[in-house]
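The structure appears below as structure tokens.
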Amino acid sequence: MQQEERYIKGRPIVTIFHNEQNLYTVLRIRVDESNEAGVNKDAVVTGYFPRLYEEETYIFYGKFTDHPKYGPQFQVDHFRKDLPKTKQGVVQYLSSELFKGIGKKTAENIVDVLGENAIERIMKQPSLLDTVPKLAADKAKLLHEKLIEYQGLENIMVGLNQYGFGPQLSMRIYQTYKEHTLEIVENNPYKLVEDIEGIGFGRADELGFKLGMKGNHPDRVKAGCLYTLETDCIQEGHCYLEKKTFIPTVKKLLESNQPVEIFPEEIEHELLKLEEEGKIVIDEERVFLPSIFYSEKGLVTNIKRILAQKEFEDGFPESEFLLALGSLEERLGIQYAPSQREAIQTALSSPMLILTGGPGTGKTTVIKGIVELYGELHGCSLDPKDYKKDEVFPFVLAAPTGRAAKRMAESTGLPAVTIHRLLGWNGTETFDYNEDNPIEGKIVIIDEMSMVDIWLAHHLFKALPAHVQVILVGDEDQLPSVGPGQVLKDLLASERIPTVRLTDIYRQESGSSIIQLAHAIKNGTIPEDLRNQQKDRSFISCRTTQVADVVKQVVGHAINKGYTPKDIQVLAPMYRGPAGIDELNILLQEILNGTNKEKRRELNFGDHTYRVGDKVLQLINQPDKNIFNGDIGEIVAIFYAKETEEKVDQLVVSFDGNEVTYPRQDLHQITLAYCCSIHKSQGSEFPIVILPIVRGYHRMLRRNLIYTAITRSKEKLILCGEEDAFRTAVYRTDDNMRNTTLKKRLLQEINGNHTPDIGVVKEDMSYEERLMNTDPMVGMENISPYDFMIEDRAEYLS
């Protein structure tokens with residue numbers, strides 16, 4: 001016998017909390033009726049629904065849960081309004097304040113014509129209102145729209161619940177499709193894959209099967225194509241997929257979900273339809289997402305536009321430049337190396353420059369020299385306060401992350417922001433600044449360019465004004481961007497843009513073993529003294545199961561030496577497992593901010609316990625709050641629900657003085673940051689870096705991964721793990737694994753006479769030849785180097 005669905009019926013008394021974005025709601029109701037035993041006359045209900053009105057009665061279906069802090073709460077799966085069932089009730093409802101312009105007399109006319117079930121009839125067939133005498137067309141339209149708004153959502157939520165969608169996902173679907181939700185879901189459930197985050201092909205295919213869309217149904221094949229294209233481009237960083245490998249992949253996906261044979265020509269047919277619909281672009285047997293295809297093309301167009309500027313061809317007279325440079329060197333008490341001088345001169349006399357080099361090679365010194373000399377030669381101040389409101393401050397400095405921008409500002413003394421903030425990102429796929437509304441400035445410097453994906457690079461360059469000079473700074477040997485493309489690598493490989501490669505090491509005191517190690521790894525070699533104790537680095541041998549104990553001892557020793565939790569950063573490439581980020585964060589929190597410390601406020605959320613003083617990482621871009629994915633902050637306050645006006649737990653995080661408040665339902669946006677992924681650490685530097693490297697990470701071990709991690713360390717580097725795992729990482733590369741056409745387009749569109757390539761060390765044996773002779777991992781090319789970054793990619797997209 002089927003169990004009766006549990007419900008409570010009543011009217012809202014007060015809305016305790018309501019989130020306009022995801023519609024999560026907490027409210028107190030006056031209970032009129034329930035089939036649950038022992039229900040009080042007042043109850044708290046929680047769920048996902050729009051604002052409910054105090055004068056209305058609702059029936060909520062779900063179950064009671066006992067919250068450890070707030071007591072009994074009725075968790076709602078779905079709900080509906082309790083519609084009036086008498087003529088008097090319907091008239092009173094239609095003439096209420098919910099329906100502006102519908103008075104009692106008009107409501108009576110409607111009920112006289114359409115009967116006591118007028119509400120249901122109007123919702124199904126709005127044209128029936130045309131039969132009501134003296135009802136104006138605009139009032140009839142408004143009445144129908146409001147009925148859909150107030151009544152339709154409940155019907156939709158019930159319908160989605162029957163298809164197996166929970167309340168949160170159902171609300172997300174409703175917010176996308178509104179009153180057309182059930183129509184779209186029932187006619188083409190595969191559209192959910194395109195439009196709704198969190199619904200993959202498997203979920204849609206299961207629903208499609210139930211609705212009779214099986215085998216080679218066109219909508220099913222199209223959805224398989226789009227899902228494969230988006231998944232591979234996002235997870236692997238590709239800008240396109242080759243049709244010859246793409247079609248078999250789609251075929252395998254479609255056949256794995258259902259026992260049916262799909263022919264390649266059927267997939268080819270639907271690909272052509274998708275192209276006609278503008279959902280994909282096929283270019284020379286390459287399959288693109290439109291946004292990526294046009295980003296590659298648009299980036300090349302704007303680079304060509306910038307390089308075509310004529311006013312920089314003559315530059316400054318040699319004597320004038322050398323005089324200004326000498327004066328600057330004297331003022332700063334430094335002497336630039338020949339390659340650094342050449343870099344500064346090239347930057348000031350060219351419309352565009354790429355400045356690249358490893359750690360310690362003086363990139364920051366060159367950037368400071370560029371801005372100082374620009375100000376000197378152009379007679380402009382470096383202090384923004386010296387400019388009037390209508391005057392343009394010529395210097396524009398930006399980086400992909402907040403931490404990288406902060407470092408840039410500290411090293412130059414000039415304001416620097418994230419690229420998203422520079423462009424005025426509004427949280428969607430658009431920016432305030434673009435080709436029609438360009439940013440203002442004369443010289444634009446972008447740091448950490450290796451982190452910039454093709455989509456962001458396109459939007460950046462199309463927002464650059466006319467008559468601008470652009471300097472791109474980055475380390476070509478670091479990890480590529482999380483998003484599709486390998487922009488810095490392709491720009492360098494094209495040899496179409498003036499480039500300076502810095503190779504001599506200057507940073508830190510002479511003989512820094514961290515810098516020496518980084519450059520050895522960059523060149524594919526391992527120093528003989530890897531295991532020897534150095535003044536600034538060490539290697540501690542241990543197995544995977546011993547990593548946690550080693551990290552615990554190293555961190556404890558550092559704290560005893562006077563270092564703070566902010567100074568210490570553990571980096572790992574993997575989230576799960578005994579040496580993974582999740583386990584290490586739990587361990588480190590207990591060491592650095594545990595229950596044995598002074599009693600601090602704490603808040604439980606899912607599997608996490610957050611305490612005042614915890615170091616946390618932002619996972620989602622929030623431009624309106626000026627925080628972005630990858631920013632690290634500290635919890636400075638926790639407020640419990642009974643202490644807040646909204647009656648919801650709140651947590652306050654300080655990001656370098658920018659305090660951001662998180663209500664409980666937004667705590668999924670942060671995580672502990674005592675240990676974080678290597679990709680998340682890009683653009684940052686830390687006094688102490690602890691880097692476990694063990695065989696358990698084997699799928700993720702790559703040269704650029706280890707190189708990026710090591711170059712995050714400023715003072716101390718502690719490697720712990722297995723030497724053979726370290727060697728595997730150094731010898732294994734992922735060069736040329738991303739599918740892009742940026743280099744090809746640059747070669748086709750731009751003349752090749754722009755590139756003074758300075759400071760490159762020539763070797764007898766090429767880099768590729770040496771790898772072929774030394775790489776023990778030959779034959780493992782099909783192992784993806786980006787499996788470890790799936791979580792990072794999901795965060796990036798959100």
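The residues of the chain are indexed from 1 along the displayed sequence. Please read all numbers here as calculations on a predicted model, not as lab measurements.
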- request: Would you please name every residue forming a side-chain contact (heavy atoms from CB on, under 4.5 Å) with Thr661, sequence neighbours left out?
  value: Gln650, Val652
statement: OG1 (Thr365) and CD1 (Ile334) are apart, to the nearest 0.5 Å, by 6.0 Å
task: Mind listing the closest non-hydrogen atom pair of Ile514 and Ser713 along with its distance?
output: CD1-OG, 3.5 Å
task: Inspect the surroundings of NE2 in His668 and state if more than 12 heavy atoms from other residues, nucleotides or ligands are less than 6.0 Å away.
output: yes
query: Is there a donor-acceptor pair closer than 3.5 Å between any side-chain N or O of His679 and the backbone N or O of Pro573?
result: no
field: Beyond-backbone contact of Pro565 with Ile559, side-chain heavy atoms, under 4.5 angstrom
entry: yes
Asn560 atom CG, neighbour heavy-atom count above 12 within 6.0 Å: yes
Distance in Å, Leu397 CG paired with Thr412 OG1, rounded so as to fall on 0.5 Å steps: 5.0 Å
Ile234 vs Pro484 side-chain heavy atoms within contact, under 4.5 Å: yes
- prompt: Got a donor-acceptor contact below 3.5 angstrom from the Lys552 side chain to the Ile591 backbone?
  reply: no
- prompt: Between the side chain of Glu583 and the main-chain N/O of Gly580, is any donor-acceptor distance below 3.5 Å?
  reply: no
task: Kindly check if the number of other-residue, nucleotide or ligand heavy atoms within 6.0 Å of CD (Glu643) is above 12?
output: yes
- prompt: How far apart are the closest heavy atoms of Ser450 and Gln682, and which atoms are they?
  reply: OG-NE2, 3.7 Å
field: Distance (rounded to the nearest 0.5 Å) between Ile471 CD1 and Leu355 CG
entry: 9.0 Å
- prompt: Around atom CZ of Phe639, are there more than 12 heavy atoms of other residues, nucleotides or ligands at under 6.0 Å?
  reply: no
query: Is the shortest heavy-atom distance from the side chain of Ile718 to the side chain of Ser538 under 4.5 Å?
result: yes
query: Sequence neighbours excluded, which residues qualify as salt bridge (charged side-chain N to carboxylate O under 4.0 Å, His left out) partners of Glu602?
result: Arg611
field: Working for side chain to side chain contact (heavy atoms under 4.5 Å, CB included), residues Cys676 and Leu571
entry: CA-CA 5 Å; Cys676 70; Leu571 301 177; 3.7 Å; yes
message: So for atom CZ, which belongs to Arg421, do other residues, nucleotides or ligands contribute more than 12 heavy atoms lying within a distance under 6.0 Å?
response: no
query: Ignoring hydrogens and geometry, is there a side-chain-to-backbone donor-acceptor pair from Thr356 to Arg501 under 3.5 Å?
result: no
field: Minimum heavy-atom distance Thr708-Leu479, with the two atoms named
entry: OG1-N, 3.0 Å
message: Name the residue from Glu723, Glu722, Arg531 that meets the side chain to side chain donor-acceptor pair (under 3.5 Å) definition with Ser541.
response: Arg531
message: Run the side chain to side chain contact (heavy atoms under 4.5 Å, CB included) test on Ser481 and Val452 for me, step by step, so that the C-alpha distance in whole Å, both residues' side-chain angles and the decisive distance to 0.1 Å come before the verdict.
response: CA-CA 6 Å; Ser481 57; Val452 178; 6.0 Å; no
- prompt: Is there a donor-acceptor pair under 3.5 Å between the side chain of Asp582 and the backbone N or O of Arg576?
  reply: no
- prompt: Are any non-hydrogen side-chain atoms of Arg172 and Leu169 less than 4.5 angstrom apart?
  reply: yes
task: Rounded to the nearest 0.5 Å, what's the gap from CD1 on Ile632 to CZ on Arg403? Could you check?
output: 4.0 Å
message: Once rounded to the nearest 0.5 Å, what's the spacing between atom CG of Asp475 and atom OG1 of Thr361?
response: 7.5 Å
field: Which residues share a ring-ring contact (aromatic ring centres under 6.0 Å, His included) with Tyr227, sequence neighbours left out
entry: none
field: Within-4.5 Å side-chain heavy-atom neighbours: Phe628 and Pro400
entry: no
- prompt: Do side-chain atoms of Lys363 reach the backbone of Val473 as a donor and acceptor pair under 3.5 angstrom?
  reply: no
task: For the residue pair Glu590 and Tyr674, confirm or rule out a side-chain donor-acceptor distance under 3.5 Å.
output: no
message: Can a donor-acceptor pair be found, under 3.5 Å and without considering hydrogens, that links the side chain of Thr231 to the backbone of Thr228?
response: no
statement: Tested for side-chain contact (heavy atoms from CB on, under 4.5 Å) against Leu517, the lone hit among Arg537, Lys522, Gln534 is Arg537
Listed partners of His519 passing ring-ring contact (aromatic ring centres under 6.0 Å, His included), at least two apart: none
statement: Scanning both residues in full, the closest heavy-atom pair of Tyr610 with Leu651 reads CB-CD1, 3.7 Å
- request: Indicate yes or no: does Lys716 engage Asp567 in a salt bridge with an N to O separation below 4.0 Å.
  value: no
message: Taking the side chain as everything from C-beta on, heavy atoms only, tell me whether Leu691 gets closer than 4.5 Å to Ile678.
response: yes
- prompt: Is the count of non-hydrogen atoms from other residues, nucleotides or ligands lying under 6.0 Å from Lys566 atom NZ greater than 12?
  reply: no
- request: Please indicate whether Arg601 has more than 12 foreign heavy atoms, meaning atoms of other residues, nucleotides or ligands, lying under 6.0 Å from its CZ.
  value: yes
message: Which heavy atom of Ala404 sits nearest to which heavy atom of Glu448, and what is that distance?
response: CB-CG, 3.9 Å
message: Measuring from atom CD of Glu476 to atom NZ of Lys489, what distance do you get when rounded to the nearest 0.5 angstrom?
response: 9.0 Å
field: 4.5 Å side-chain heavy-atom contact, Phe539 and Ile693
entry: no
- prompt: Checking side-chain contact (heavy atoms from CB on, under 4.5 Å) against Leu617, which of Asp631, Leu672, Thr671 comes through?
  reply: Thr671
query: Is there a side chain to side chain contact (heavy atoms under 4.5 Å, CB included) between Gln618 and Tyr662 once you walk through the steps?
result: CA-CA 11 Å; Gln618 177 72 17; Tyr662 296 81; 2.5 Å; yes
message: Does any part of the side chain of Arg738, heavy atoms only, come nearer than 4.5 Å to the side chain of Pro480, both counted from C-beta?
response: yes
Steps toward side chain to side chain contact (heavy atoms under 4.5 Å, CB included) verdict (Glu634, Lys615): CA-CA 5 Å; Glu634 179 184 342; Lys615 183 162 69 170; 5.9 Å; no
- prompt: Is there a donor-acceptor contact under 3.5 Å from the side chain of Asp649 to the main chain of Ile638?
  reply: no
task: Anything under 30° is parallel, anything over 60° is perpendicular, the rest tilted; go ahead and classify Tyr24 against Phe17.
output: tilted
query: Does Asp536 use its side chain to pair, donor to acceptor, with the backbone of Ser513 at less than 3.5 Å?
result: yes
query: Does the Arg712 side chain pair with the main chain of Ser684, one donor and one acceptor, at a distance under 3.5 Å?
result: yes
statement: The ring-ring contact (aromatic ring centres under 6.0 Å, His included) partners of Tyr697 (sequence neighbours excluded) come to none
- prompt: With sequence neighbours left out, what residues match Ala558 under side-chain contact (heavy atoms from CB on, under 4.5 Å)?
  reply: Tyr563, Ile568, Ile688
- prompt: Do Asn593 and Gln589 have a side chain donor and acceptor closer than 3.5 Å?
  reply: no
field: Minimum-distance pair of heavy atoms, taken over all atoms of Ala343 and Val366
entry: CB-CG1, 3.9 Å
